[in-house]
Every structure is written in C-alpha cells, then in structure tokens.
Amino acid sequence: MKKRLVKLFLFLAVIFSISFSASAQIYVKIRPVIPVIVRTAPPSPQHVWIDEEWEPNNGAYRYTGGHWDAPPHPGYRWRQGHWKRHHHDGEEWIRGSWRR
C-alpha cells in the first residue's frame, strides 16, 4: 500500500511539473501597437526587410522588427511571423523564421 502511494505521489508530481512548465506561453487579448519604423535602403540585394516581429519580455511582448537581415544560407526565404488565436486565452505570437 505504501509503495502505491509513493508511486502515485511521484506520478502526480511529474504531471504537475509538466503542466506548470508548459504554461509559459504569453497570450494577449489586444495586440500591441506596431511602432512606426522608417525603412532604410537595403545593405545588399540579398537582405530582406523583417517588419512585424515580437519577442517575449517579462510577461509581455517587445517589438524587435523593423530591420534588414540576410538569409543564413543561399536560397533561404523569410517566413513572416504571425498572431495565432489560442482558444479563449487570447493570441500568441508565432515567430518568423528562415525557411528553405
């Protein structure tokens, strides 16, 4: 009986720790306002303008877009980030990335 209780306790501890670590997403009800950024001339013909891009910062989102970036390898294209609806919790930002 005691072994079963210990196993049950360990199982519940693992389940609770997984559920708490999985809830680290940031959801917003109202999207943050995109600041006005003046687009400069590209440094080279290979550079791509990264417009709307956000990163988590202390439980909110911080704007990191508005810059030129070069592909990491020839033939890669920038896949723009986007807001994704998450049930009734709000929206979360899905980061843009370089894709082949």
Side-chain angles (χ1 to χ4, degrees):
M1 180 69 173
K2 193 173 185 181
K3 287 183 180 181
R4 284 187 180 183
L5 285 175
V6 170
K7 287 181 182 180
L8 177 64
F9 177 74
L10 289 174
F11 175 75
L12 291 175
V14 168
I15 295 297
F16 283 124
S17 65
I18 290 172
S19 68
F20 284 123
S21 66
S23 64
Q25 299 295 339
I26 300 172
Y27 301 108
V28 294
K29 301 286 184 185
I30 300 173
R31 293 180 185 177
V33 177
I34 302 170
V36 176
I37 303 291
V38 176
R39 188 183 297 198
T40 59
S44 77
Q46 291 78 28
H47 279 73
V48 175
W49 180 255
I50 309 296
D51 194 16
E52 186 177 5
E53 191 64 31
W54 302 89
E55 71 179 8
N57 184 28
N58 294 327
Y61 284 105
R62 183 178 69 138
Y63 184 75
T64 60
H67 64 275
W68 292 101
D69 200 0
H73 304 286
Y76 275 59
R77 295 181 180 266
W78 178 253
R79 183 175 179 190
Q80 188 69 29
H82 61 278
W83 291 100
K84 180 180 177 186
R85 189 107 185 104
H86 192 271
H87 306 293
H88 300 290
D89 297 329
E91 294 179 292
E92 68 176 314
W93 178 252
I94 306 300
R95 293 179 55 109
S97 61
W98 291 102
R99 299 287 170 110
R100 197 157 172 72

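What you see is a predicted model; the values in this text were computed from it and never measured.
Considering all non-hydrogen atoms of both residues, Tyr63 and Pro35 come closest at CD2-CG, 3.4 Å. Across Trp49 and Val38, no two heavy atoms sit closer than the pair CH2-O, 4.2 Å. Contact detail for Thr40 and Trp68: the closest heavy-atom pair is O-NE1, 3.0 Å. Nearest heavy atom pair, residue Glu53 against residue Trp93, reads OE2-NE1, 3.3 Å. Contact record, Glu92 with Tyr61: CA-OH, 3.7 Å, taken as the closest heavy-atom pair.
Tracing side-chain contacts under 4.5 Å through hydrophobic residues (I, L, V, M, F, W, Y), one reaches Ile34 starting from Ile26; they form part of the same cluster.
Residues Trp83 and Glu52 have side chains that bring a donor and an acceptor to within less than 3.5 angstrom of each other.
For CZ of Arg31, the number of neighbouring non-hydrogen atoms (other residues, nucleotides, ligands) closer than 6.0 Å is greater than 12. Summarising the local packing, CZ of Arg77 is surrounded by 12 or fewer heavy atoms from other residues, nucleotides or ligands at distances under 6.0 Å.
Taken to the nearest 0.5 Å, the OH atom of Tyr27 stands 11.5 Å off from the CZ atom of Arg85. Separation of atoms CZ (Arg99) and CH2 (Trp78) is listed at 10.0 Å; rounding is to 0.5 Å. To the nearest 0.5 angstrom, Thr64 atom OG1 is 10.5 Å from Asn57 atom CG. We find the CZ-CZ distance between Arg95 and Arg79 to be 14.0 Å, quoted to the nearest 0.5 Å.
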